[in-house]
Amino acid sequence: MYKVFYDSNSKFDCLYIVFDLDAICDKKEEKDNVVCLYRENKLIGINILNFSAVKKLSTKGFLSLDKELLDIINAVLEKAGVEKLLEETDSGYKVAKVTKIIEHPLDERMSLVNFDLGDGKFYQTVTRYKNFNIGDKVIVTKDNTLKMDGTMFHAYISRNIEINVEINSPKDLFIGEEFKAAYIEEVLPEGADFIYADR
């Protein structure tokens, strides 16, 4: 799993391909404008410098790759002798059907929410969002997902409660400014990948 980010305002006009945000680079290799970053000889990221010379992009931050952009990136990587990216199908952002909502046992401002992602596994989170009911579909971030804002989500335990997904607002998903309510999905089925599913 990887995520791609772009920053046209940086000194290097850089496109970032991130495989492992948690790892600290201990070696880098550079060829032309491609810089490969490694941790204990494992590839953890690739930076493509001066990317606007290859393709001018009007957006910055997280990029959802279409085939055209993926092909352009892979052409740059191939020229530098770097293995091409596979087409990504799992972003870690999944459509989740709400199956249970109860008041948090230790904080009345919060709710404990269970979900069905269609795979038979147990998913649960704690949230302040109040704009959904049982049967509604929201977008959750799964464990070990590199998020669109460049941070990682890891499952954790808080007050003896397992939290293995995180609910997203429109702002979290880069599709609006609303951040005090969950984004409600009206079209895709539970388990679908929010970024890569066909609509």
Side-chain angles (χ1 to χ4, degrees), residues 1-94 117 119 121 123 125 139-158 162-169 171-175 179 191-197:
M1 186 184 300
Y2 62 85
K3 293 285 191 309
V4 179
F5 302 87
Y6 177 62
D7 185 0
S8 60
N9 296 325
S10 73
K11 174 181 173 182
F12 302 105
D13 178 27
C14 191
L15 183 135
Y16 305 90
I17 304 165
V18 182
F19 299 101
D20 187 345
L21 186 68
D22 292 332
I24 298 174
C25 174
D26 60 12
K27 184 179 75 172
K28 67 178 182 178
E29 295 178 352
E30 184 171 351
K31 183 175 182 182
D32 299 327
N33 286 331
V34 177
V35 181
C36 293
L37 308 175
Y38 297 89
R39 174 69 179 181
E40 297 178 351
N41 293 318
K42 177 185 176 184
L43 184 65
I44 61 173
I46 302 170
N47 298 340
I48 302 178
L49 311 180
N50 302 316
F51 191 75
S52 61
V54 180
K55 171 74 174 177
K56 291 191 180 296
L57 300 174
S58 59
T59 59
K60 65 179 182 177
F62 171 77
L63 297 178
S64 177
L65 297 186
D66 57 21
K67 186 178 185 307
E68 178 189 5
L69 184 54
L70 179 61
D71 287 346
I72 290 170
I73 292 171
N74 277 335
V76 173
L77 298 179
E78 188 173 31
K79 183 179 178 183
V82 179
E83 186 176 347
K84 296 192 292 186
L85 299 177
L86 298 175
E87 184 176 1
E88 186 65 275
T89 58
D90 183 0
S91 69
Y93 286 85
K94 300 296 184 180
L117 273 66
D119 59 5
K121 296 181 181 179
Y123 296 99
T125 198
I139 307 303
V140 298
T141 307
K142 294 180 68 177
D143 183 30
N144 292 322
T145 291
L146 176 57
K147 296 164 57 177
M148 295 182 190
D149 65 2
T151 61
M152 287 291 294
F153 172 73
H154 294 295
Y156 62 100
I157 294 176
S158 175
E162 179 184 4
I163 298 172
N164 59 7
V165 291
E166 181 179 68
I167 301 176
N168 291 277
S169 69
K171 188 167 186 176
D172 294 328
L173 298 169
F174 287 30
I175 55 175
F179 64 92
D193 192 281
F194 178 72
I195 294 177
Y196 295 114

Discussion item. Determine whether a donor-acceptor pair (N or O, by modelled atom type, separation under 3.5 Å) exists between the side chain of Asp32 and the backbone of Val34.
Written reply: no
Worksheet item: Would you say Val165 and Asp143 make side-chain contact, with heavy atoms under 4.5 Å?
Response: no
Worksheet item: Between the side chain of Asp7 and the main-chain N/O of Cys14, is any donor-acceptor distance below 3.5 Å?
Response: no
Fill in: Close side-chain approach of Lys27 and Asn41, heavy atoms under 4.5 Å
yes
Discussion item. With rounding to the nearest 0.5 angstrom, report the CG to CD distance, Leu37 to Glu30.
Written reply: 10.0 Å
Fill in: Closest non-hydrogen atom pair between Asp90 and Tyr196, with its separation
N-CD1, 3.9 Å
Worksheet entry | Atom pair NE2/CG of His154 and Asn144 - distance to nearest 0.5 Å | 5.5 Å
Worksheet item: How would you list, by chain and number, every residue that makes a salt bridge (charged side-chain N to carboxylate O under 4.0 Å, His left out) with Asp193, sequence neighbours excluded?
Response: Lys94
Worksheet item: Under a 4.5 Å cut-off applied to non-hydrogen side-chain atoms, are Leu173 and Met148 in contact?
Response: yes
Discussion item. Any heavy-atom pair between the side chains of Ser158 and Ile163 that's under 4.5 Å?
Written reply: yes
Practice prompt. Keeping the roles fixed (side chain from Asp172, backbone from Ser169), state whether a donor-acceptor pair exists under 3.5 Å.
Written response: yes
Worksheet item: Do Asp26 side-chain atoms and Glu40 backbone N/O form a donor-acceptor pair below 3.5 Å?
Response: yes
Item to complete: Only pairs at least two apart or in different chains count here, so list each salt bridge (charged side-chain N to carboxylate O under 4.0 Å, His left out) that has a residue in residues 144-154.
Response: Lys147-Glu166
Discussion item. List the residues meeting ring pair (Phe, Tyr, Trp, His ring centres under 6.0 Å) with Tyr93, not counting sequence neighbours, and say none if there are none.
Written reply: none
Item to complete: Using only heavy-atom distances, determine whether the side chains of Tyr156 and Asn164 contain a donor-acceptor pair under 3.5 Å.
Response: no
Worksheet item: Does Asp20 have any side-chain contact (heavy atoms from CB on, under 4.5 Å) partners at least two apart in sequence or in another chain, and if so, which?
Response: Asp22, Ala23, Lys42, Ile44
Response to the item:
Lys142 and Tyr123 have their tightest heavy-atom pair at NZ-OH, 3.5 Å
Worksheet item: Which atom names give the shortest non-hydrogen contact between Phe194 and Ile175, and what distance separates them?
Response: CZ-CD1, 4.1 Å
Fill in: Min side-chain heavy-atom separation Met152-Thr145 under 4.5 Å
no
Worksheet item: What heavy-atom pair brings Cys36 and Leu43 nearest, and what distance separates the two atoms?
Response: CB-CD1, 3.9 Å
Worksheet entry | Thr125 side, atom OG1; Ile167 side, atom CD1 - distance, nearest 0.5 Å | 5.5 Å
Worksheet entry | Positive for side-chain contact (heavy atoms from CB on, under 4.5 Å) with Val76, one of Leu15, Val54, Ile46 | Val54
Item to complete: Answer whether the closest heavy-atom distance between the side chains of Thr141 and Asn168 falls below 4.5 Å.
Response: yes
Worksheet item: With distance as the sole test, does Asn74 use its side chain to make a donor-acceptor pair with the main-chain N or O of Leu85 at under 3.5 Å?
Response: yes
Fill in: Distance, nearest 0.5 Å, that separates OH of Tyr38 from NZ of Lys28
13.0 Å
Discussion item. For Phe174, is the CZ atom crowded, meaning more than 12 foreign heavy atoms sit under 6.0 Å from it?
Written reply: yes
Discussion item. Testing the basics here: between Val4 and Leu65, what is the closest heavy-atom pair and its distance to 0.1 Å?
Written reply: CG2-CD1, 3.8 Å
Worksheet entry | Partner residues of Glu83 under the salt bridge (charged side-chain N to carboxylate O under 4.0 Å, His left out) criterion, sequence neighbours left out | none
Fill in: Residues that Lys55 engages under side-chain contact (heavy atoms from CB on, under 4.5 Å), provided they are two or more places apart
Phe51, Leu57, Glu68, Leu69, Ile72
Worksheet item: Under a 4.5 Å cut-off applied to non-hydrogen side-chain atoms, are Ser52 and Tyr6 in contact?
Response: yes
Discussion item. If you define the side chain from C-beta out and look only at heavy atoms, does anything of Ile195 sit under 4.5 Å from Phe62?
Written reply: yes
Response to the item:
All heavy atoms of Leu70 vs all of Tyr2, minimum pair found to be CD1-OH, 3.9 Å
